[in-house]
Every structure is written in structure tokens, then in C-alpha cells.
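Worksheet for the structure shown next.
Numbers here simply count residues along the sequence, with the first being 1. No hydrogens, no waters, no symmetry mates; every other heavy atom, side chains included, goes into these values. Bear in mind that the values here come from a model prediction, so they are computed numbers and not experimental data.
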Amino acid sequence: MTTILSDAHLGVMVADSSVSDGDRVWSERKVFRIKGALIGLAGEDGDCGRFLQWVKDGLPGKPRFGETAALILTPGQLLFFDGNYVEPVKVKSGREAIGSGGKSAMCAYEALGWTDPRRAVRIVCRHDAASRAPVRVYMV
């Protein structure tokens, strides 16, 4: 499970590090830099790998990626992808979060006045059983 929060106005993507196979939990990176963009992924490992390859290949065709959700942050723009609807959705507000802690992250971030995305994800890590520190911050 995952918490990834992004804000295009700040050019930032913040993610927890918890990964699980159902029996074990470990720490792993969830945000990747490809062609100058930040890609944050929440979902099954195999689907996430296929999504990253699809981005590297230039987004050809319209494949499906199961339950995978993704955020792609470029300077000044944030796109949201749902694995079942591959057409990108431009996030008009410039702020979005995905994963099991996504809604909580947006609530915490708004309560913080949209000023501290790292703190918002840290708050979620204390309350969402599937999200854990360390919290990592990536800048576009």
C-alpha cells in the first residue's frame, strides 16, 4: 500500500516507503524520474513495472495496468492515470494523492494550508497501517 502526494505549484512529489507482499513489509522507492518527469506509482509491482516501461517507450497505445494508479509531475503540470483508464487526466488544482493513504494525505495537506506536503505524508504514516516512513521528497 502507498501514500504519494504531489503538488505541481511547488514542483514536489512526496512518498512513503512501505511495500508489502502480504506476508512481509520492507522499504522501497515509489517515485521514479524519467525524461525529466517524476512518476509516482501505487499498485502491484508487475503492473507498476509495465507502466514505467510504457512511459519510457513514449506512452504508445492504450494498455491497461490493472489497479495501478500513477501521478506524473512535470514542471507546472500534474497528470493522473488510473490503470483501467489510461487516458491521462490533467489535475486542474495541481494537487493530488494516490494509494491507500491518498485521501488522508489530501486532508492533512489542506489542513496544513497547502504548505507542507512532507508533513502531510508523515501524518498519514502515523495513522495508515499500510504507509510507513521513511518519507521521501522529490523535486521536479
Spatial distance of atom [atom1] ([X]) from atom [atom2] ([Y]) [nearest 0.5 Å]:
X	Y	atom1	atom2	value
Thr2	Arg132	OG1	CZ	12.0 Å
Asp47	Arg50	CG	CZ	5.0 Å
Thr68	Leu52	OG1	CG	9.5 Å
Cys107	Ile123	SG	CD1	11.0 Å

Connected via hydrophobic side-chain network under 4.5 Å: [X] and [Y]:
X	Y	answer
Leu71	Val12	no
Val137	Ile98	no
Val14	Ile72	no
Met139	Leu5	yes
Ile4	Val140	yes

Between the side chain of Lys90 and the main-chain N/O of Gln77, is any donor-acceptor distance below 3.5 Å? no

Of all heavy-atom pairs between [X] and [Y], which one has the smallest distance, and what is that distance?
X	Y	result
Leu73	Met13	CB-CE, 3.8 Å
Tyr109	Leu10	OH-CD1, 3.3 Å
Trp54	Pro60	NE1-O, 2.7 Å
Ala37	Thr74	CB-CG2, 3.7 Å
Ser100	Ser131	OG-OG, 3.9 Å
Cys125	Asp16	SG-CB, 3.7 Å

Side-chain contact, heavy-atom cut-off 4.5 Å: Leu38 with Phe32? no

Below 4.5 Å, heavy atoms only, C-beta onward: do Pro88 and Phe80 meet side chain to side chain? no

Answer with yes or no whether the side chains of Ser104 and Asp128 bring together a donor and an acceptor at under 3.5 Å. no

Report, one line per pair, each donor and acceptor closer than 3.5 Å where one atom sits in a side chain of residues 112-119; sequence neighbours left out.
from   : atom 1 : to     : atom 2 : distance (Å)
Thr115 : OG1    : Leu112 : O      : 2.6
Asp116 : OD1    : Arg119 : N      : 3.1

Phe65 and Phe81: aromatic ring centres closer than 6.0 Å? no

CD/Glu44: more than 12 non-hydrogen atoms of other groups inside 6.0 Å: no

Carboxylate-amine/guanidinium contact Arg95 Asp7, below 4.0 Å: yes

Option passing side-chain hydrogen bond (donor to acceptor under 3.5 Å, both in side chains) with Ser17 (candidates Lys30, Arg136, Arg29): Arg136

